[in-house]
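Read through the structure below, which is laid out as structure tokens, and then see the notes.
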Amino acid sequence: MTQPSPSTDIRRDLVALLPRLRRFALTLTGSAAEADDLVREAAGRAIQKSHHWKGEGRLESWLFSMIRSTFVDEAKKRRRAEGNAAGDAATSGSSGPSKKDTLACLPDGLASVFLLADVEGFAYAEAAAILGIQPDLFAARLCTARLSLAAAAAETSERRA
Amino acid sequence: MNIPQPSPLELRLSAYIDGRTSDDDRHDVEELLVNDPQARSLHDALKRGADLGRRAFDDMLKEPVPLDLVRTIKNAPLPRRAVRLPQGPRPMLSFKPPGLQAITACALFFVLGGGIGYMIGGNPAVPQFSMISMPGASSRDWLDDIIAHYRLYARQTNHLAEIPAERPADILEWLTTNTGVGFRIPDLSDSGLTFQGARLFAAGGGPVGQLLYRRADGDGDGDVIAISFTKIRPDGNRSIEEIRNDTGLVSWVTPLATYMIIGPSSAADLDDIAAKAAGLI
């Protein structure tokens, strides 16, 4: 995977990384429209805070963390606005509709774990930090994600047979 | 949704796939994979699941990115950054008179002030106070001259510079002799700027040297950025950062000269370029 070199204008890096940022956002929101809104909001924050980015480590790591924290903030805002009961329903109801069929089988929270470790190639500790969870919990969720995907694959091949 | 917990064996195998097991544990798992068909099947399932997920996620990158999202990011305004520019020397005054001296000075100023006030009051035909504000006005004038020169030459394609970039020794001699300011030609290629040449002109009655650069990449492709220097001092010896007539100007003052970066007001990185140039010139 190509590593964009940090430039003076973060907007160029953001545009270059956009497909991957959207993909990560989709693992959190579950719907493409919400994922785009989330990326738009997080990109705005990243541009405003671009002076905090010192060019150390991977830019994606910083941006993924920004997307995750924006998602958490937005979810809190939505819950506060809609009241507790309605808010819970909205959060759980957001999963699935636009996620790819293969990935829709993953329980909430597992798609982003799988993406960071097996697709983006982050180490457990760094990926866990992006998601704000403990590395042990991250390892357990990654294992569950792989097993869920394997079970889905087996189910599909059985149905075809 | 409740997330099912994997068994310890599944966890060990998953960690083994990622090479996250200790040497001892790795040997144990490898033995297990040879001898235990259930462990082998679980290991294969984990790998199969990882491959399947990877393919599904790779497919997602093939989807087109919404154009409005790209535009929103490309056109988002960059934050203004505080850049520390070199400041002119500030005299350190330590003025702590003893009590008797302070009282004497106060009395003296009172008498002087009263006397001057009496004379002004008794003679209405004094010169107009507008004369006092002339230095400020002249300071604005020479900055306006510098902006006007930039706007005139920045639009030139064939006659941008008086001496082309290929003659750096000529530039150094010509500008140093006429402005009295020693300088180097900064290499600003890191900021995407290519040196085009130099020019000498007059602003506020004093000579000003100007180094001209052209932006070679990015959104402002083709923009001209100029570094000007002169011995003229701005009011209060302070740095200036402002926009006039769609032209941005960032200046800094050293004990020997005043330097300015001039460019289109749309250039968000003038202060950044100023900070770099200040260290190189």
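In what follows, chains are A, B, ... by sequence order, proteins preceding strands, each numbered from 1. Owing to the predicted nature of the structure, the values given are computational and were not obtained by experimental measurement.
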Q) Can you list the steps and then say if B:Asp18 with A:Arg146 is a salt bridge (Lys or Arg N to Asp or Glu O under 4.0 Å)? A) CA-CA 12 Å; B:Asp18 292 328; A:Arg146 286 169 174 167; 2.8 Å; yes

Q | B:Pro66 versus A:Asp36, closest heavy-atom pair with distance | A | CG-OD2, 3.3 Å

Q. Roughly how far, to the nearest 0.5 Å, is CG of A:Leu21 from CG of B:Leu69?
A. 9.0 Å

**Q.** Heavy-atom pair with the smallest gap, counting every atom of B:Ala50 and A:Asp118
**A.** CB-OD2, 3.3 Å

Q. Of the backbone (N, CA, C, O) and the side chain (C-beta and beyond), which part of B:Arg55 lies under 4.5 Å from a heavy atom of chain A, both, or neither?
A. neither

Q | Heavy-atom proximity to chain B below 4.5 Å, by part of A:Arg22 | A | side chain

**Q.** Choice from B:Leu13, B:Val65, B:Asp44 maximising heavy atom contacts with chain A below 4.5 Å
**A.** B:Val65

Q: Measure across B:Pro6 and A:Cys143 and return the closest heavy-atom pair with its distance rounded to 0.1 Å.
A: CB-SG, 3.6 Å

Q) Has B:Glu30 got more than 12 heavy atoms of other residues, nucleotides or ligands less than 6.0 Å from its CD? A) yes

(Q) Working to the nearest 0.5 angstrom, can you tell me the gap between B:Met60 CE and A:Arg20 CZ? (A) 13.0 Å

Q.
Strictly below 4.0 Å, N to O, side chains only: are B:Asp59 and A:Arg23 in salt-bridge contact?
A. no

(Q) Tell me which of these, B:Glu10, B:Lys47, B:Arg48, B:Arg20, has more heavy-atom pairs under 4.5 Å with chain A than the rest. (A) B:Arg20

Q: Taking the side chain as every heavy atom from C-beta outward, state whether B:Phe57 and A:Thr27 have any atom pair closer than 4.5 Å.
A: yes

Q) Is chain B contacted by the side chain of A:Ala43, its backbone, both, or neither, given a heavy-atom distance below 4.5 Å? A) side chain

**Q.** Test item: A:Arg11 side-chain N/O and B:Ala76 main-chain N/O as donor-acceptor pair under 3.5 Å
**A.** yes

Q: Looking only at non-hydrogen atoms, find the nearest pair between A:Leu149 and B:Leu52 and report the distance.
A: O-CD2, 3.4 Å

Q. Any side-chain heavy atom of A:Leu147 within less than 4.5 Å of one from B:Leu42?
A. yes

Q | Option that, when pairs with chain B are counted at under 4.5 Å, heavy atom only, ranks first among A:Leu18, A:Leu142, A:Asp37 | A | A:Leu18

Q. Checking B:Ile17 against chain A: side chain, backbone, both or neither under 4.5 Å from a heavy atom?
A. side chain

